[in-house]
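Data block below; observations after.
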There are 4 protein chains.
Amino acid sequence: MKNLDKHDKIISAAIKVFAKKGFFNARISDIAKEAKVADGTIYLYFNNKFDILVSVFEEEIGKIIAQIELSLSSETDPQKKLEIFARHHLTAMKRNKNLAEVIQIELRQSNKVVRDYRNTAFQRYINLISEIINEGQSTGVFRKDIMPGIAKRALFGALDEVTRVWTSASDTSYTLEETIDQLYQIFISGLKIRS
Amino acid sequence: MKNLDKHDKIISAAIKVFAKKGFFNARISDIAKEAKVADGTIYLYFNNKFDILVSVFEEEIGKIIAQIELSLSSETDPQKKLEIFARHHLTAMKRNKNLAEVIQIELRQSNKVVRDYRNTAFQRYINLISEIINEGQSTGVFRKDIMPGIAKRALFGALDEVTRVWTSASDTSYTLEETIDQLYQIFISGLKIRS
Amino acid sequence: MKNLDKHDKIISAAIKVFAKKGFFNARISDIAKEAKVADGTIYLYFNNKFDILVSVFEEEIGKIIAQIELSLSSETDPQKKLEIFARHHLTAMKRNKNLAEVIQIELRQSNKVVRDYRNTAFQRYINLISEIINEGQSTGVFRKDIMPGIAKRALFGALDEVTRVWTSASDTSYTLEETIDQLYQIFISGLKIRS
Amino acid sequence: MKNLDKHDKIISAAIKVFAKKGFFNARISDIAKEAKVADGTIYLYFNNKFDILVSVFEEEIGKIIAQIELSLSSETDPQKKLEIFARHHLTAMKRNKNLAEVIQIELRQSNKVVRDYRNTAFQRYINLISEIINEGQSTGVFRKDIMPGIAKRALFGALDEVTRVWTSASDTSYTLEETIDQLYQIFISGLKIRS
DNA sequence: GATGAATGAGCGTTCATTCAT
DNA sequence: GATGAATGAACGCTCATTCAT
């Protein structure tokens, strides 16, 4: 964590504070204290409190998207790609629980700017799933009667909800491999016993 | 909507206002105006602003839980039960978009009381899913290697995320039947083409 | 001072505080304390700090204008009218030193709203002088080569500056009658010895 | 504007900024930018923001006083002296509108230091008028019943108010000669038609 | 001397909550 | 019970001033 410049220190602090208290209950002075800077310093790097939140989204989610795109690029099998996506998402969220919390909670705000962000940059992330499904359908691995536009929502929602519980410190009921395997089984093979 | 007493009028108004502005941006005076009562009147029925939110959860989600339990009680086939659950959830959320919004956003607050609620009463709702899966496994319809504790999260998460998009007024891409069928296909049969 | 409603109490307090500290150095809490209301109460009656200042101008100067118009209405002799104007201005300012201070200092702010006010409502006050001069010229009492547009400024400026010194508590060098007589002599008869 | 050292550059910039925004709305960074120096540099030449304002008064008004004293020294006729004073004041203010604005507005602040300055150095300027009147009375040109202590205020106030309007860029209603002549007529000969 | 990033005290304003009517 | 005017604690943000480079 050395050599982080002020901007990054503030972003990191904000993620921690937003995760703990939520955006609205977070105080600028909380973030400043956490970042070990003066309150006023924050305004040298961000326009206002809300701008900090948006920056967290843009910068941090951007990094995750870039990483996962990289991870997926070296794989061609759609089934494996879905597994990679799930594994990557889960581990990325687990590694940065605070960011996960912020994404899961604050990215749902009804605020117009947040909505817009969710509908653009974050959309890119979710669309990675529908692209994989499309590929699978093209190569004949996945059923053609599945609509990628709905399936991507279903998969992301499942992943997101499982993540919430799985990343919570208290939950040690399931291992990473177990969790991924379960999601994989459900989505790839379904619940029904094959006749 | 006839014969609503003040308490219910305030709850209804709060759902509308919370949905539109979010809990933190909602003003007590907004709710009072919407409920056509004086600001102070609200405090005759609720302890504080937060208490209104909790009451929304407890009373409104309680109603939905009761309804769905009733719907499920007359059905024995686990597969059909899952379908009923999905259909019921989607239609209930569509019918009351504002409540859906409040549940999806505000029930995720990091506040301790909200967390506790989510972990108790709301849990009951989600546990309906794991119970169905358990039943299916007992009766030999569902695979025994699926862990209901994870699967219930996956199904609820999928349902929740699909709901968010599907209930949004602008989205007319998919019909109710289409959406339910897709979820059913994915979860029951999986993505993979049966060999 | 009894039976003043909150609005008037705040205006009175603001005049006192603005006079003592100046608009920019005045704190809302100073005004609130002086008016014996809570800080927040001020915002039930005024939009913001600046709105208080503008209200002081509009309401208090409005009263003074109305009074002086009444005083002038019963007199026809232009010379006497000028004397009445001067006497009225001096006594009104002396009676309400704080308001005088606020008018003399804050009404000169470069702020657009203040400038506009000075150019409209306050203008009405100053124009009373040019109207009197016009009358005097019509009736042949005043020299026709005097331009009322410049003279009104000269007279008002003189009156204003004399007022500043004369109303200051410390200055007891000149009586009211003396001061008015001097202004009258200077403006009516000039400095020069009549040949 | 060549070869101004930092001190003078800052003073010039401050006059411009104070004139445009007023002292309280002016930012140190505004002045620094206008002077093309760093914010911190200002504190190498001035103790604080207020000190800049006081320096503007002391240095710039000092120059004007010196100039006018020089102009008056070569004239002996009191009437001519008054005319010179008015002409000098008007042209000096017109030449440096920004300084005029600062003097007219900021020199009225209720702050003790400003008051003191107005009562000392600035007083010297105004007293030039009473000295002229005294001379005129000694030489028998001016009426002895005029009290120089009041008349100096009246003349200065008139001059100041006329200046405000006359220097404003938009006002082209009156020429310099017209304006001076009018003031001269009013004060020297009065409004009344000589019988 | 010059810089400008950093500081943190200070204030206008908001709004949940109270309580006299 | 119902009202809504009044309260005052709380906080985002600004900006004069400092000081390490």
Side-chain angles (χ1 to χ4, degrees), chain A residues 5-7 9-10 23-33 35-52, chain B residues 5-7 9-10 21 23-33 35-53, chain C residues 5-7 9-10 23-33 35-52, chain D residues 5-7 9-10 21 23-33 35-53:
Chain A
D5 72 356
K6 291 261 161 66
H7 177 101
K9 273 169 72 180
I10 294 167
F23 176 77
F24 290 103
N25 288 319
R27 304 291 143 234
I28 288 293
S29 56
D30 295 335
I31 299 173
K33 187 179 282 183
K36 296 200 172 84
V37 298
D39 291 22
T41 304
I42 290 180
Y43 291 87
L44 296 176
Y45 296 91
F46 302 92
N47 296 322
N48 50 47
K49 189 185 172 189
F50 191 69
D51 187 36
I52 306 176
Chain B
D5 70 356
K6 293 258 165 69
H7 177 100
K9 273 169 71 179
I10 294 167
K21 304 188 153 193
F23 176 76
F24 290 103
N25 288 319
R27 307 287 148 238
I28 288 291
S29 57
D30 294 334
I31 300 174
K33 185 180 281 185
K36 296 198 172 88
V37 298
D39 291 21
T41 304
I42 289 180
Y43 289 85
L44 297 175
Y45 295 90
F46 302 91
N47 296 323
N48 51 46
K49 188 186 173 188
F50 192 70
D51 187 36
I52 306 176
L53 181 64
Chain C
D5 71 356
K6 291 263 161 65
H7 176 100
K9 272 169 72 180
I10 294 167
F23 176 76
F24 290 102
N25 288 319
R27 303 295 141 232
I28 288 292
S29 56
D30 295 335
I31 300 173
K33 186 178 283 183
K36 295 199 173 84
V37 299
D39 289 22
T41 303
I42 289 180
Y43 291 86
L44 296 175
Y45 296 91
F46 301 92
N47 296 323
N48 50 46
K49 190 186 170 187
F50 190 69
D51 187 34
I52 306 176
Chain D
D5 71 355
K6 292 259 164 69
H7 177 100
K9 274 169 71 180
I10 294 167
K21 304 187 152 195
F23 177 76
F24 289 102
N25 288 320
R27 306 288 148 240
I28 287 291
S29 57
D30 295 334
I31 299 174
K33 185 179 280 185
K36 295 196 171 89
V37 299
D39 290 22
T41 304
I42 289 180
Y43 289 85
L44 298 175
Y45 296 91
F46 301 91
N47 296 322
N48 51 46
K49 188 186 173 186
F50 192 70
D51 186 35
I52 306 176
L53 180 63

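So you know, we letter chains A, B, ... as the sequences are listed, proteins then strands, and number each from 1. All values reported here derive from a predicted model rather than from experimental measurement. We use all heavy atoms of the structure for the numbers below, so side chains are in, but hydrogens, waters and symmetry mates are not.
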request  = If the plane angle is over 60° it's perpendicular, under 30° parallel, otherwise tilted; pick one for A:Phe24 and B:Phe24.
outcome  = parallel
key: Approximate separation, where rounding is to 0.5 Å, of D:Asn48 CG and D:Ile42 CD1   = 11.5 Å
remark   = Whether each nucleotide of nucleotides 11-16 of chain F has a protein heavy atom under 4.0 Å at its base (B), only at its sugar-phosphate (S) or at neither (-) is summarised, 5' to 3', as SSBBSS
request  = Looking at every strand, decide which applies to B:Phe46 at a 4.0 Å heavy-atom threshold: base, sugar-phosphate, or nothing.
outcome  = nothing
key: Atom-pair distance (NE2 on D:His7; C1' on E:dG1), nearest Å   = 16 Å
key: B:Lys6 and B:Lys36, any side-chain heavy atoms less than 4.5 Å apart   = no
note = dist D:Ile31:CD1 -> D:Thr41:OG1 (nearest 0.5 Å) comes out at 13.0 Å
ask   = Quick one: NZ on C:Lys33 to CZ on C:Arg27, what's the gap to the nearest 0.5 Å?
value = 13.0 Å
ask   = Heavy atoms, side chains only, cut-off 4.5 Å: are C:Ile52 and C:Ile28 in contact?
value = yes
query = Got a minute to check which stems DNA chain F is part of, using Watson-Crick or G-U wobble pairs under 3.5 Å, three or more consecutive?
reply = E:2-21 with F:2-21
Aromatic D:Phe23 / basic D:Lys49 pairing, under 6.0 angstrom, 45° off normal = yes
task = Give, for atom CG of C:Asp5 and atom OH of C:Tyr45, the distance between the pair rounded to the nearest 0.5 Å.
result = 6.5 Å
request  = In whole angstrom, give the distance that lies between atom CD1 of C:Ile42 and atom P of E:dC11.
outcome  = 14 Å
key: Nucleotide F:dG1, atom P - distance to NZ of B:Lys36 in whole Å   = 22 Å
request  = Verify the contact: side-chain N or O of D:Tyr45 to OP1 or OP2 of E:dA2, cut-off strictly under 4.0 Å; return yes or no.
outcome  = yes
message = Rounding to an integer number of Å, can you tell me how far C:Lys33 NZ sits from E:dC11 C1'?
response = 14 Å
ask   = Which whole-number value in Å describes the distance from D:Asp51 CG to F:dT18 P?
value = 12 Å
ask   = Can you tell me if the side-chain N/O atoms of D:Lys6 get under 4.0 Å from OP1 or OP2 in E:dG1?
value = no
